[in-house]
Amino acid sequence: MAWSDGLNQGSPTYEIASCENARLRVVAGPGTGKSYAMKRRVARLLELGVEASSILPVTFTRVAAEDLHRELVGMNVQGCDELEGRTLHSLAFKVLMSEHALAATGRVARPLNEFELEPLLADISDAHGGKRIVKKRIKAFEAAWARLQSDEPGYVQSAQDAALERELISWLIFHESMLIGEAIPLLYQYVRNNPAAPICAEFSHILVDEYQDLNKAEQGIIQLMSENAEVCIVGDDDQSIYSFKHAHPDGIRQWLTANAGAADIELAECRRCPTRVVDMGNALISHNQDRPVPRALNPRAQNGPGEIEIIQYNTIINEINGVAALIENLVANGTPPGDILVLAQRSVIGTPIYESLVQREVPTRSYYAESELSAADAQRRFALLKLFVSREDRVALRWLLGLNSNNWRAGAYRRLRAHCESTGASPWIALEQLSSGAIAIPYCGSLIQQFNLICEYLARLEALPGLADVVNELLPDNNADLRDLRALALQTLDIVAGDREEFLVELTSLIAKPEVPTEVSDVRIMSLHKSKGLSSPVTIIAGCVQGLLPRLPDASLPLAERQAQIEEQRRLFYVGITRVKSVPEDGKPGRLVLTSSRQMPVADAMKAGIQPAQTYMGNAYLNASQFFRELGPSAPAPRQG
DNA sequence: GATCACTTGTTCCCG
DNA sequence: ACAAGTGATC
């Protein structure tokens, strides 16, 4: 199939695919076919004979990368097999390893699992303003300290930033590890300071999807790699929802001024949504003030108006049951479960809906806790496996030493670490000496006790004859929390039978790259952030209450800041409602259901971060989201559920 | 008397 | 889930 098959010359899609300007920006609203246009552009390049290895498609998620690959294979474009879509993270890791950029900094590429961050935070947060502040600061560190679109990446902004960076890196060096998010600042520094590095000339064509979600450091990496490359960026400032990683809608807006002479093409026809949803989306997003070029989506008449409902329940319990019953009913009447998408901004709302659906025997998948490593027990056993493979895995040891303590035994561990740093002994060796009484450090009793437990367990594993027995002991068959991890471990055993280290490497990479199912057959429940890039014939957004969607900014913040936060919440809701897909020829008009409730237990409200307007007898009283009113006249009147 | 583990009040999430 | 407050322990 040729890249231009079925495209009308002069149509925006054709223009995007064929544009020969070395700088091209595509602004594409939700459902306007940007992935389709990108795919055609890549196909054209491959047909022209551009080497697949010199094309870099950057996507926001691994799923999107695999989608692109699959679609190109489906088009049967020559060379598509070698074409690899990449997330910036995976690119960063690959470059840091292959170009020895990491080795030059004396760092070790042992990434920290999410759960392994806990002891790190416990170890450094006391001296740096508490856990919450430190977490925020680490986010800024991962953005190379460029918090604003106007910031230059690579420079700390305050003495506190500098102090945190010193202590963080010192911890990471001592533990011979790195943060996953650290790949971005490290790659930024590398390409910034080594303009002659191979990576800066490796690609002749760079395509970036979801550009509005790149922070300044990520934008900088693209720019530094594209001196001699043709660049095409695609995105939508109205869908910028990642301010918590310091991305800003101004990034994609200013790209045009920073790249003089660039071509600019807009995709405005919403091919996905029912026309009323398009009208509602346009009305909603027009309430945002920070929009230098107000745009609107064009509805596609043949999609039909769609079916839209807004329902308010008395209590959160009724809302959860109401949504579950609605879904059960739809499925009973022939809607495939995979056609239903439930969005809820907090798991306190999403998880009960999930549980209710499971009880009703509707096939459902929750995306709140998707990892094999979400359960505490799975984390413990995985850490033990790491330590079984290497006693010198300092992160795994640190994690296990802190177990069953609410501050991860930070004080005692600090003494141990100080001892290690002054003598050069590794933590494992020092602990062996402490345990045998060869040396003594005050206040380390409970740490040593914990160490002895770890040793006992490892000795038991060592007594087992083979790796398969170790897997059986560590990840027994009868435990639901361990099921997914066990499945991956068994899968790994088939590939690597003997060597421990190879086994762990293989297992770790399987965990990092979960298989993405091509066919969705379950009802999906997730947050609005996760729904980006998805679409579904039935979309339900639950928990549309003031305080949750939008979440209300802290009153102590400056007005401009509060305004910006509300506008991002509005963009989030805009992303949510535009997930609805109309396929009239298949009898799927596209259905959007927005629900809210009047009351929920105060404890749940607090857990979800809602500051209720009023509370009485343990109940929080809630109002429907302000966004309902902003949906304009195309939205139906809310009804009681 | 410094530092520990554990209990008691408040509660900024989202990939 | 976190930060601050409490008797208990080194």
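Below, read A as the first sequence line, B as the second, and so on, with proteins coming before strands; counting in each chain starts at 1. Values in this document were obtained by computation on a predicted structure and should not be read as measured data.
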Tell me whether the rings of A/Trp428 and A/Phe451 are parallel (<30°), tilted (30 to 60°) or perpendicular (>60°). perpendicular

Rounding to a whole Å, what distance do you find between A/Asn404:CG and B/dC4:P? 18 Å

Rounded to whole angstrom units, what separation is found between the CD atom of A/Gln569 and the P atom of B/dC14? 12 Å

Checking contacts here: which listed nucleotide (B/dG15, B/dC4, B/dC12) is nearest the side-chain heavy atoms of A/Arg132? B/dC12

Is there a donor and acceptor pair closer than 3.5 Å between the side chain of A/Tyr443 and the base of C/dC10? yes

Answer with base, sugar-phosphate or nothing: what part of the nucleic acid does A/Tyr242 contact at a heavy-atom distance below 4.0 Å? sugar-phosphate

In whole Å, what is the span from the CD atom of A/Glu568 to the C1' atom of B/dC13? 11 Å

Spacing between A/Arg414 atom CZ and C/dC10 atom P, to the nearest angstrom: 19 Å

Taking only the side-chain nitrogens and oxygens of A/Ser527, find out if one of them lies under 4.0 Å from OP1 or OP2 of B/dG15. yes

What is the distance from CD1 of A/Ile566 to P of B/dC13, rounded to the nearest Å? 17 Å

A/Phe244, nearest nucleotide to its side chain (from B/dC12, B/dG1, B/dC14): B/dC14

Whole-Å distance between B/dC14 C1' and A/Gln212 CD? 15 Å

Strictly distance-based, threshold 3.5 Å: is any side-chain N or O of A/Glu142 a donor or acceptor partner for the main-chain N or O of A/Ile184? no

Establish, yes or no, whether a centroid distance under 6.0 Å links the rings of A/Phe141 and A/His128. no

State the CD-CG distance between A/Glu167 and A/Leu172, to the nearest 0.5 angstrom. 11.0 Å

Going by the angle between their ring planes, with limits at 30° and 60°, are A/Phe573 and A/Phe628 parallel, tilted or perpendicular? tilted

A/Asn407 side chain N/O closer than 4.0 Å to the phosphate oxygens (OP1, OP2) of B/dC4? no

Nucleotide C/dC2, atom P - distance to CG of A/Leu117 in whole Å: 12 Å

Using 4.0 Å as the upper bound for N to carboxylate O, is an ion pair formed by A/Arg551 and A/Glu568? no

If you measure from the P atom in B/dC13 to the same atom in C/dA4, how many Å do you get, rounded? 16 Å

Look at the side chain of A/Asn406 and decide which nucleotide, out of B/dG1, B/dG15, B/dC6, has an atom nearest to it. B/dC6

Report the nucleotide, chosen from B/dG15, B/dC4, B/dA5, that has the shortest atom-to-atom distance to any side-chain atom of A/Arg409. B/dA5

If only side-chain N and O atoms of A/Ser446 are considered, is one of them under 4.0 Å from the OP1 or OP2 phosphate oxygen of B/dA5? yes

A/Leu572 CG to B/dG15 P, in whole Å, measures 10 Å

Kindly say if A/Lys131 contacts the phosphate of C/dC2, meaning a side-chain N or O under 4.0 Å from OP1 or OP2. yes

From the options B/dG15, B/dC13, B/dC4, select the nucleotide whose nearest atom is closest to the side chain of A/Lys245. B/dG15

Starting at the 5' end of DNA chain B and moving along, which residue's nearest nucleotide shows up first, A/Lys139 or A/Leu447? A/Leu447

